[in-house]
Amino acid sequence: MVSWIISRLVVLIFGTLYPAYYSYKAVKSKDIKEYVKWMMYWIIFALFMSVETFTDIFLCWFPFYYELKIAFVAWLLSPYTKGSSLLYRKFVHPTLSSKEKEIDECLIQAKDRSYDALVHFGKRGLNVAASAAVTAAAKVSQRLYMFYFTDHRKGQGQGALSERLRSFSMQDLSTIRGDTPSPVTVRAASSKNVKSKLSRSATQTSEASVCTCCSVGKILRGEFI
């Protein structure tokens, strides 16, 4: 664990920050010799970082692995060994020079394919996004219609209920009482009818008695006369 931390610090400070600062000075001073030197170093360091990604996974158990990495970075940077210049001139430059056309063709094909793939997936993404937007808009409109329909029905129901409640006002109750009499009014009317019938019968009996009295008086008068 300690070796890993030390190796990461060495690679970060001496393998990245230190060459970056001197590369800045080379660009600022426009010194072609220093510029070429640090360009060769960055090419070798890029290859080193690419290889390190896999060696850290498969060779981290190897004894003195992290110490060897520290020593390799120091060998690349040392002005006495000139490791980056040596590796570039002996291995990297001849290999890239012999395979340069094939690499350029592969890069051009990869660029074209990546552009076509990007356009294809971009179109598919736009189609999917458009269909999703249409379905979402349809769902939203459907829900809004349902909410409006339910609110409209609720409004109609409340209006009908209010109309029914309004119909049961005092005036309507009076009309209902006049149209459909209650049992109390029926009893009162029946009692009134009985009383009127009794009064009529009493008047008829009184009239009959008066008539009989008159007839008796007439008879008596004829007898006495």
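Computed from a predicted structure; not experimentally measured. Atoms considered below: every heavy atom in the structure, side chains included; atoms not considered: hydrogens, waters and symmetry mates.
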Do [X] and [Y] share a hydrophobic cluster (ILVMFWY, side-chain heavy atoms under 4.5 Å, transitive)?
X: V36; Y: F91; value: yes
X: M39; Y: Y22; value: no
X: I43; Y: V51; value: no
X: I5; Y: L68; value: yes
X: F64; Y: V11; value: no

Got a second to check how far [X]'s [atom1] is from [Y]'s [atom2], nearest 0.5 Å?
X: K90; Y: S85; atom1: NZ; atom2: OG; answer: 12.5 Å
X: E34; Y: K28; atom1: CD; atom2: NZ; answer: 15.0 Å
X: I103; Y: K101; atom1: CD1; atom2: NZ; answer: 13.0 Å
X: I70; Y: F14; atom1: CD1; atom2: CZ; answer: 10.5 Å
X: L12; Y: L17; atom1: CG; atom2: CG; answer: 5.0 Å

Requested in this report: Evaluate whether atom CD1 of I32 has more than 12 neighbouring non-hydrogen atoms of other residues, nucleotides or ligands under 6.0 angstrom away.
Outcome: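 No - once you tally the heavy atoms of other residues, nucleotides and ligands closer than 6.0 Å, there are 12 at most.
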
**Report entry** F72, CZ: over 12 other non-hydrogen atoms inside 6.0 angstrom
**Finding:**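 Enclosed.
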
Query raised in the report: Looking at T135 and A132, what are the two nearest heavy atoms and their distance?
Result: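 Where T135 meets A132 most closely, the heavy atoms are OG1-O, 2.7 Å.
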
Give a yes or no answer on whether the side chain of [X] reaches the backbone of [Y] with a donor-acceptor pair at less than 3.5 Å.
X: S114; Y: K111; value: yes
X: T16; Y: I13; value: no
X: S98; Y: T95; value: yes
X: S84; Y: I44; value: no
X: S78; Y: A74; value: no

Report task. Would you sort out whether F48 and V73 count as a side chain to side chain contact (heavy atoms under 4.5 Å, CB included), showing the intermediate values? Result -> CA-CA 9 Å; F48 165 72; V73 172; 4.1 Å; yes

Requested in this report: Take the angle between the ring planes of W38 and Y18 and call it parallel below 30°, perpendicular above 60°, tilted in between.
Outcome: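 It falls in the perpendicular class, over 60°.
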
Report task. Report the C-alpha separation of L87 and L76 in whole Å, then their side-chain angles, then the decisive distance to 0.1 Å, and conclude whether the side chain to side chain contact (heavy atoms under 4.5 Å, CB included) test is met. Result -> CA-CA 9 Å; L87 290 176; L76 290 177; 3.8 Å; yes

Query - Option from W4, Y66, Y65 for which side chain to side chain donor-acceptor pair (under 3.5 Å) with D56 holds - result: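 Only one option passes, and that is Y65.
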
Quick one: are [X] and [Y] in side-chain contact, heavy atoms under 4.5 Å?
X: K25; Y: S29; result: no
X: M40; Y: H93; result: no
X: L77; Y: P19; result: yes

Query raised in the report: Does the distance from a Lys or Arg side-chain N to an Asp or Glu carboxylate O, for K69 and E52, drop under 4.0 Å?
Result: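 Counted as a salt bridge, because a side-chain N and a carboxylate O are separated by less than 4.0 Å.
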
Query raised in the report: Taking the six-membered ring where the residue is Trp, are the ring centres of Y41 and F45 under 6.0 Å apart?
Result: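 Between F45 and Y41, which both carry aromatic rings, the centre distance is below 6.0 Å.
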
